[in-house]
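Data first, discussion second: the structure below is written as structure tokens.
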Amino acid sequence: MKYVDEFRDGEVAKGLANAIAAEVRPDRRYNFMEFCGGHTHAISRYGVPDLLPASVRMIHGPGCPVCVLPIGRIDLAIKLALENGVILCTYADTVRVPASDGLSLMRAKARGGDIRMVYAVTDALKIARDNPDKEVVFFAIGFETTTPPTAVAIRIADSEGLKNFSVLCCHVLTPSAITNILESPEVRELGTVPLDGFIGPAHVSTIIGSRPYEFFAEEYRKPVVIAGFEPLDVMQAILMLVRQVNEGRAEVENEFTRAVTPDGNLKAQNLVSEVFELRRSFEWRGLGEVPYSALKIRERYAPYDAEARYQLEYRPVADNKACECGAILRGVKKPTDCKIFGNVCTPENPMGSCMVSSEGACAAHYTYGRHKDVERDVENADAT
Amino acid sequence: MCLAIPARVVELIDNDTAIVDLGGVRKDVSLALLEGVAVGDYVIVHVGYALTRLDPEEAEKTLALMAEAGLMEHALAEQSA
Ligand code: SF4
């Protein structure tokens, strides 16, 4: 496919790997966080870490929308389906995230909840039009890429007078999550998560542009390179980050110029700000309560706000004790640090959210990285 | 679910909808987030919406940069050999 295959070329990848190896300084280490789950997926799938020198380490960030959704939010969706009897529509991966009482949306469906996976929010609108005697709720999750489509859908419902449609809004904001990571004790005081720079999100940045990251470069002196989702994009971004670190620069650079501009998509931004406003605080899995990190539906569109319509009250619920997703989302732990990784917890039977979506750190490592652990174990065993 | 793909616009249905070609599969996408999309443009498709246009010139420039990075190291290695 055009604009995909060229960015996966193995020969060019080797060239970039050599360039990175030649430019890293022997006397230092480079710790870069890829914020976005799409990058986590690409890095695992194409074996990028194998192409990097040992001194360059990639840390997974909290940018997988399914992973950061806390149990309490999924409980609300399950309640709507089972107690209020609504048709609950959501993006596919969401239905498999473990919730309270051993339930997930999928299990709630087995108990009779009318839960439907949709590819696009427009499908949920259609379900509402086709079922005028039922209430339809769209469980809206995701970062800045899925928010504009939800905004468009609410406006369409409003202009059509589609009274049986509403949205359980759980849209979250990338820059607030990056700030939270940078302000965390592990990064600031304890130094347990060394961070020398960020790979900035690809598609989120097509919407918000490259400008919002300038704050991180200036205020926290961390280089940011926005990168596309193909393996060569990631390699090129790592090379650009290594150069910034070597030269003592902390700037926002854009590797993904074919799709990202400084201002982003203004039309999408305007639609979002017409329909949504900031929430005072929102709970994230792993990060806890993060101030001004999510959106809610404006008063003007209140009839389409499921939280108001069904008087939902959010109740935080602690994660499964064995699950390390929280620490993994903060960059403090790796999937293999979790005792139940790959034995009790697998993509077929996820115990935590990071094992659900292919962008989750645990699922990506389970699918693409496990053989490496085995090789390493064998090597270590041979060495002793 | 963040995965999104570049696709070529092959037909405009109305102001807000287009048909794109996704590796041989035709799919309709909403253009509600963009202005002035034309047949032949490449757009990045995500959850049924075109998020942005893809700039072919910038894509070429990036590919050239990547190729060049590899070549430079090659030249350096040859020089020192
Ligand atoms: S392996 Fe499963 S239980 Fe362990 S941290 Fe990952 S998702 Fe959570």
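In what follows, every chain begins at residue 1, and chains take the letters A, B, ... in the order their sequences are listed.
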Closest heavy-atom pair, B:A69 versus A:A19, reported as atoms and distance to 0.1 Å, is O-CB, 3.7 Å
Okay, A:E6 and chain B: the region with an atom under 4.5 Å from a heavy atom over there is both
Bottom line for A:K2: the part with an atom under 4.5 Å from chain B's heavy atoms is both
Enumerate donor-acceptor pairs with a distance under 3.5 Å from any side-chain N or O in residues 266-276 of chain A to protein atoms, sequence neighbours excluded.
unit_1 : atom_1 : unit_2 : atom_2 : d
A:K267 : NZ     : B:A32  : O      : 3.1
A:K267 : NZ     : B:L34  : O      : 3.1
A:Q269 : NE2    : A:I207 : O      : 2.7
A:Q269 : NE2    : A:D263 : O      : 2.8
A:N270 : ND2    : A:L266 : O      : 3.3
A:S273 : OG     : A:Q269 : O      : 3.4
A:S273 : OG     : A:N270 : O      : 3.3
A:E274 : OE1    : A:R155 : NH1    : 2.5
A:E274 : OE2    : A:R155 : NH1    : 3.4
A:E274 : OE2    : A:Y301 : OH     : 2.6

Turns out that what part of A:E255 lies under 4.5 Å from chain B's heavy atoms comes down to both
Interatomic distance, CG@A:L232 vs CG@B:L65, rounded to 0.5 Å, equals 12.0 Å
Distance col, row A:T145:OG1 vs B:Y49:OH, nearest 0.5 angstrom, shows 13.0 Å
Requested in this report: Assess whether side-chain contact (heavy atoms from CB on, under 4.5 Å) is satisfied between B:L63 and A:F7, documenting all intermediate values.
Outcome: CA-CA 8 Å; B:L63 284 169; A:F7 292 91; 3.7 Å; yes
Here the gap from A:M1 atom CE to B:L22 atom CG, rounded to the nearest 0.5 Å, amounts to 6.5 Å
Applying a strict 4.5 Å limit to non-hydrogen atoms, the region of A:D233 in contact with chain B is both
Ranking B:L33, B:D21, B:D55 by heavy-atom pairs under 4.5 Å to chain A gives rank one to B:L33
**Request:** May I ask you to test the A:T146-B:H46 pair for a side-chain heavy-atom distance under 4.5 Å?
**Result:** yes
Residues A:V12 and B:A67: closest non-hydrogen pair is CG1-N, 4.2 Å
Ranked by heavy-atom pairs below 4.5 Å to chain A, first place among B:K61, B:R53, B:E35 goes to B:E35
d(B:L54 CG, A:F256 CZ) to nearest 0.5 Å is 6.5 Å
Between A:Y119 and B:G48 the two heavy atoms that sit nearest each other are OH-N, 3.3 Å
For this session: Verify the neighbour count for atom CD of B:E57: are there more than 12 heavy atoms of other residues, nucleotides or ligands below 6.0 Å?
Result: no
Taken in chain and number order and not counting sequence neighbours, the residues that satisfy side chain to side chain donor-acceptor pair (under 3.5 Å) with A:T206 are none
If one checks every heavy atom of B:A59 against chain A at 4.5 Å, the contacting part turns out to be both
- Query: If only atom types and distance count, is the side chain of A:N265 paired as donor or acceptor with the main-chain N or O of B:L51 below 3.5 Å?
  - Reply: yes
Between the OG1 atom in A:T261 and the CD atom in B:E58, the distance rounded to the nearest 0.5 Å is 10.5 Å
If one checks every heavy atom of A:L239 against chain B at 4.5 Å, the contacting part turns out to be side chain
Here the pair of heavy atoms bringing B:T62 nearest to A:R258 is CG2-NH1, 4.4 Å
